[in-house]
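Reading through the structure tokens given below for one structure.
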2 protein chains.
Amino acid sequence: MLDRSCIEAIDPLLEILDGKWTLPLLLELFVGTKRFGELRRRLDPISPKTLTDRLRLLEEKGIITRTQYSGVPLHVEYEPTERGWNLQPIFAAMWAWVQENSLSDKHGTEKIALT
Amino acid sequence: MLDRSCIEAIDPLLEILDGKWTLPLLLELFVGTKRFGELRRRLDPISPKTLTDRLRLLEEKGIITRTQYSGVPLHVEYEPTERGWNLQPIFAAMWAWVQENSLSDKHGTEKIALT
DNA sequence: CTCCATAGTTCATTTTATGAAACTATTGCA
DNA sequence: TGCAATAGTTTCATAAAATGAACTATGGAG
């Protein structure tokens with residue numbers, strides 16, 4: 001169960017997942033290892049700056065690896081680490097929620113309790 | 001399993017969970033129904049404006065309810081709806097990840113593949 | 001008809017995130 | 001030597017989000 005101790009504890013995770021493109025980016029890498037240019041095309045219209053910002057952060061946090069291949073033309077591949085793959089259940093839970101709860105975009109039904 | 005179709009699908013959920021204080025706020029409400037002032041104290045140093053912004057958004061998205069009690073002094077209680085409670089597995093998955101993966105803040109180990 | 005307590009709102013400002021455009025770096029081949 | 005292809009970086013402008021301080025609203029007790 002969830003209790004108060006979770007509230008501060010999940011902070012490091014929020015730092016990792018924060019930012020406009022982070023979740024779609026991670027989903028792309030869960031689908032399969034990808035190169036910089038491919039990510040850029042798939043996440044269009046992301047800017048290269050934002051993409052590198054995200055990739056660097058995720059790398060620093062140990063969520064993905066960057067592997068550089070020499071050859072012509074030079075290329076680089078990104079893929080999740082084990083820590084990264086371990087995030088999958090979170091995405092699966094999000095996906096499940098969307099499936100079951102997202103169809104109707106309910107609007108707030110305000111209650112007024114009479115005492 | 002996760003596939004490409006998830007990537008756009010989770011967008012409505014990201015709109016709900018976005019924002020600096022949203023996740024801690026929801027965790028507070030999962031722990032128990034709370035009043036405005038209590039949330040404000042627990043989430044200190046959140047500003048009252050940010051707090052109302054979040055509460056209004058979550059209410060509009062059908063994640064929490066606002067119940068106003070007349071009496072002296074007037075007070076208001078916030079609690080998760082069923083849709084809101086259904087988010088718990090997501091938090092549980094986050095919590096589990098933190099437990100198992102967050103202890104060491106690994107730094108990026110860059111690979112260079114020689115071909 | 002004023003005061004207290006709760007729950008906000010308003011608005012100016014600061015901070016942070018995102019974006020667009022142009023530029024750099026690396027490599028091998030022609 | 002110079003070009004093509006990949007993968008970035010840099011700089012600057014803009015947009016979005018968060019903050020802080022002061023103010024408003026409500027309602028009953030006294």
Side-chain angles (χ1 to χ4, degrees), chain A residues 11-26 28-29 32-61 64-79 108 110-115, chain B residues 11 14-26 28-29 32-61 64-79 108 110-115:
Chain A
D11 204 69
L13 180 56
L14 300 189
E15 278 177 35
I16 291 169
L17 299 182
D18 193 39
K20 184 170 176 185
W21 296 96
T22 305
L23 271 63
L25 167 55
L26 276 171
E28 288 292 351
L29 294 180
T33 296
K34 292 204 176 49
R35 299 159 58 158
F36 186 88
E38 196 174 355
L39 288 169
R40 192 176 172 182
R41 282 188 297 278
R42 294 223 186 254
L43 299 174
D44 184 77
I46 196 175
S47 73
K49 175 180 184 302
T50 304
L51 182 52
T52 26
D53 285 353
R54 289 301 169 278
L55 290 168
R56 292 289 175 275
L57 179 79
L58 292 174
E59 196 192 352
E60 189 193 329
K61 298 289 185 181
I64 63 175
T65 56
R66 175 184 188 277
T67 307
Q68 179 174 334
Y69 296 86
S70 53
V72 160
L74 107 115
H75 76 278
V76 170
E77 289 191 345
Y78 294 94
E79 65 182 331
E110 186 142 331
K111 282 190 269 180
I112 302 219
L114 304 175
T115 46
Chain B
D11 205 69
L14 300 189
E15 278 177 35
I16 291 169
L17 299 182
D18 193 39
K20 183 171 177 184
W21 297 96
T22 305
L23 271 62
L25 167 55
L26 276 171
E28 288 293 350
L29 294 180
T33 296
K34 292 204 175 49
R35 299 159 59 157
F36 186 88
E38 197 175 355
L39 288 169
R40 191 177 173 182
R41 282 188 297 278
R42 293 221 186 257
L43 299 175
D44 184 77
I46 196 174
S47 74
K49 176 178 185 304
T50 304
L51 182 53
T52 29
D53 285 354
R54 287 302 166 281
L55 290 168
R56 294 287 176 274
L57 179 77
L58 292 174
E59 196 191 352
E60 189 193 329
K61 298 290 185 180
I64 63 174
T65 55
R66 174 184 188 279
T67 307
Q68 178 172 334
Y69 296 86
S70 53
V72 158
L74 106 114
H75 76 278
V76 169
E77 289 191 345
Y78 294 94
E79 65 183 331
E110 186 144 327
K111 283 190 267 180
I112 304 219
L114 303 175
T115 47

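No experiment lies behind these values; they were computed from the predicted model shown. Heavy-atom basis, side chains included; hydrogens, waters and symmetry copies ignored. Reminder, nothing fancy here: chain letters follow the sequence lines and each chain counts from 1.
- Atom CD of A:Glu59 is separated from atom C1' of D:dG8 by 13 Å (rounded to the nearest Å).
- Following rounding to the nearest Å, A:Lys20 (NZ) and D:dA17 (C1') show an atom-to-atom distance of 13 Å.
- One distance of note links CG of A:Leu17 with CG of A:Leu57; it measures 9.5 Å at 0.5 Å rounding.
- Among all heavy-atom pairs drawn from B:Glu77 and B:Thr33, the shortest one is OE1-CG2, 3.5 Å.
- Residue B:His75 places its side chain closer to C:dT6 than to any other of D:dG8, C:dT6, D:dA18.
- Nearest nucleotide to the A:Arg56 side chain, out of C:dA7, D:dT6, D:dT9: D:dT9.
- When every heavy atom of A:Glu28 is checked against every heavy atom of A:Leu39, the shortest pair comes out as CB-CD2, 3.9 Å.
- The side chain of B:Thr50 has D:dT19 as its nearest neighbour among D:dT19, D:dA7, C:dA7.
- Listed nucleotides C:dG8, C:dA17, D:dG8 differ in distance to A:Asp18; the shortest reach to its side chain belongs to C:dA17.
- The separation between B:Leu39 atom CG and C:dT6 atom C1' is 13 Å, rounded to whole Å.
- A close approach under 4.0 Å does not occur between any side-chain nitrogen or oxygen of B:Tyr69 and OP1 or OP2 of D:dG27.
- Toward the 5' end of DNA chain C, the nearer of the two residues A:Pro73 and A:Trp21, judged by each one's closest nucleotide, is A:Trp21.
- Of all heavy-atom pairs spanning B:Arg54 and B:Gly19, the tightest one is NH2-CA, 3.6 Å.
- Taking atom CD of residue B:Glu38 and atom C1' of nucleotide C:dT6, one finds them 13 Å apart after rounding to whole Å.
- Summary of helix geometry: the two end axes of the helix from C:dC1-D:dG30 to C:dA30-D:dT1, each defined by five base pairs via their C1' atoms, are inclined to each other by 20° (rounded to 10°).
- A heavy-atom distance below 4.5 Å is not found between the side chains of B:Lys20 and B:Thr50.
- Counting to the nearest Å, the C1' atom of C:dG8 and the CG atom of B:Asp53 are 11 Å from each other.
- Atom CZ of A:Phe36 and atom P of D:dT9 are 8 Å apart (whole Å).
- Across all their heavy atoms, A:His75 and A:Arg35 have their closest contact at CB-NH2, 3.2 Å.
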Under the side-chain contact (heavy atoms from CB on, under 4.5 Å) rule, what do A:Leu55 and A:Arg66 come out as? Steps first, then yes or no, please. CA-CA 8 Å; A:Leu55 290 168; A:Arg66 175 184 188 277; over 6 Å; no
Can you give me the N/O atom pairs linking the protein to nucleotides 20-24 of chain D at distances under 3.5 Å, or say none if there are none?
none

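- When the side-chain nitrogen and oxygen atoms of A:Thr52 are compared with OP1 and OP2 of D:dT9, one or more of them lie within a distance under 4.0 Å.
- Looking at heavy atoms from C-beta onward, B:Leu58 lies in side-chain contact with B:Ile16 at the 4.5 angstrom threshold.
- Side-chain nitrogen and oxygen atoms of B:Arg54 include none within less than 4.0 Å of the OP1 or OP2 phosphate oxygen of D:dA17.
- In terms of heavy-atom proximity, B:Arg42 sits nearest to B:Lys34 at NE-CE, 3.4 Å.
- If you measure from atom CD of B:Gln68 to atom P of C:dG8, you get 8 Å, rounded to the nearest angstrom.
- Whole-Å rounding puts the B:Leu74 CG to C:dC4 C1' distance at 12 Å.
- Between A:Leu51 and A:Trp21 there is no side-chain heavy-atom pair separated by less than 4.5 Å.
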